[in-house]
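Notes for the one structure printed next.
We number each residue from 1, following the sequence as shown.
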Amino acid sequence: EFKKLTDGVAIIDVAKNILNAFDDDYNLTAIDLPNAVTIEDCAFEGCSHLATISLPNATTIGDGAFIACSRLTAIELPEAITIGHHAFEFCSHLTAADCPNATTIGALAFGYCPELTDIKLPNAITIGGYAFCECGSLTTIALPNATSIGDAVFQFCTKLTDIELPNVTTIGENAFY
């Protein structure tokens, strides 16, 4: 079951999977999806006024799920295991992301987030290519469990000075270009 409130807040009480629910909805400012387990591909793509998300039980964030949600400033995904390709790409005001259980980070998942300064991915194992491309404000990142990072993962992260990758065995081309 789905409800959309007139004040720009969406609340979904029953749905487990959200598929293209609000793509390009310019009026949506906040979502509270307490029961959602899967946010499907492009579900909130281009929701340029979306500033707040609550996804306490989501385990999968699909490809492009929040691409170009330019007003998002922080995300906390306590149960997410998979962050899809392009999931938060072009979230131009995103400053912080906390995904403590995520093991797979897709290509360009946080690409082109120029204000991203705080990212927590302590259990990430596989980081896709360009995952943090052009995150120009990122100064430090710790990926203690990562074993593989893709091509150009940190491309144009011009302020990145402290990287913790103690278990990485595979590094893609131009990973630090």
Legend entry - ring-ring contact (aromatic ring centres under 6.0 Å, His included) partners for Phe154, two or more places apart: Phe132, Phe176
Inset, instruction - Indicate yes or no: at least one non-hydrogen side-chain atom of Thr117 is less than 4.5 angstrom from one of Thr139. - result: no
Legend entry - OG1 on Thr95 to CG on Leu138, rounded to 0.5 Å: 11.5 Å
Inset, instruction - Would you sort out whether Phe110 and Ile105 count as a side-chain contact (heavy atoms from CB on, under 4.5 Å), showing the intermediate values? - result: CA-CA 9 Å; Phe110 295 96; Ile105 311 302; 4.2 Å; yes
Legend entry - Nonpolar side-chain network containing Phe156, other nodes, edges under 4.5 Å: Tyr177
Inset, instruction - Can you tell me which residue pairs pass the salt bridge (Lys or Arg N to Asp or Glu O under 4.0 Å) test with a partner in residues 120-137, sequence neighbours excluded? - result: Asp118-Lys120
Would you be so kind as to tabulate the donor-acceptor pairs closer than 3.5 Å made by side chains of residues 162-171, with sequence neighbours excluded?
from: Asp162; atom 1: OD2; to: Thr140; atom 2: OG1; distance (Å): 3.4
from: Asn167; atom 1: ND2; to: Pro144; atom 2: O; distance (Å): 2.6
from: Thr169; atom 1: OG1; to: Thr147; atom 2: O; distance (Å): 3.3

Inset, instruction - Given side-chain contact (heavy atoms from CB on, under 4.5 Å), test Ile141 with Leu160 step by step and report yes or no. - result: CA-CA 8 Å; Ile141 189 164; Leu160 190 59; 4.1 Å; yes
Inset, instruction - Treating Ile, Leu, Val, Met, Phe, Trp and Tyr as nodes and any side-chain heavy-atom pair under 4.5 angstrom as an edge, say whether Phe90 and Leu108 lie in one connected cluster. - result: yes
Legend entry - Residues forming a ring-ring contact (aromatic ring centres under 6.0 Å, His included) with Tyr130, sequence neighbours excluded: none
Legend entry - Closest heavy-atom pair and its distance - Cys135, Leu116: SG-CD2, 4.1 Å
Inset, instruction - Go through the steps for Thr29 and Leu50 under the test side-chain contact (heavy atoms from CB on, under 4.5 Å), then give the verdict. - result: CA-CA 4 Å; Thr29 60; Leu50 183 61; 5.9 Å; no
What pairs of donor and acceptor atoms, side-chain ones from residues 75-83 against any protein atom, are under 3.5 angstrom apart with sequence neighbours left out?
none

Inset, instruction - State, to 0.1 Å, how close Asn57 and Pro34 come at their nearest heavy-atom pair, and which atoms those are. - result: ND2-O, 2.7 Å
Show me the donor-acceptor pairs within less than 3.5 Å that the side chains of residues 121-129 make with the rest of the protein, sequence neighbours left out.
from: Asn123; atom 1: OD1; to: Asn145; atom 2: ND2; distance (Å): 3.4
from: Asn123; atom 1: ND2; to: Pro100; atom 2: O; distance (Å): 2.6

Under 3.5 Å, side-chain donor or acceptor atoms of residues 58-73 against the rest of the protein: list the pairs with distances, not counting sequence neighbours.
from: Thr59; atom 1: OG1; to: Val37; atom 2: O; distance (Å): 3.4
from: Asp63; atom 1: OD1; to: His85; atom 2: N; distance (Å): 2.8
from: Ser70; atom 1: OG; to: Ser48; atom 2: O; distance (Å): 3.4
from: Arg71; atom 1: NH2; to: His49; atom 2: NE2; distance (Å): 3.4

Legend entry - Gap between atom CD of Glu89 and atom SG of Cys133 - 0.5 Å precision: 8.0 Å
Legend entry - Cys113 side, atom SG; Ile119 side, atom CD1 - distance, nearest 0.5 Å: 8.0 Å
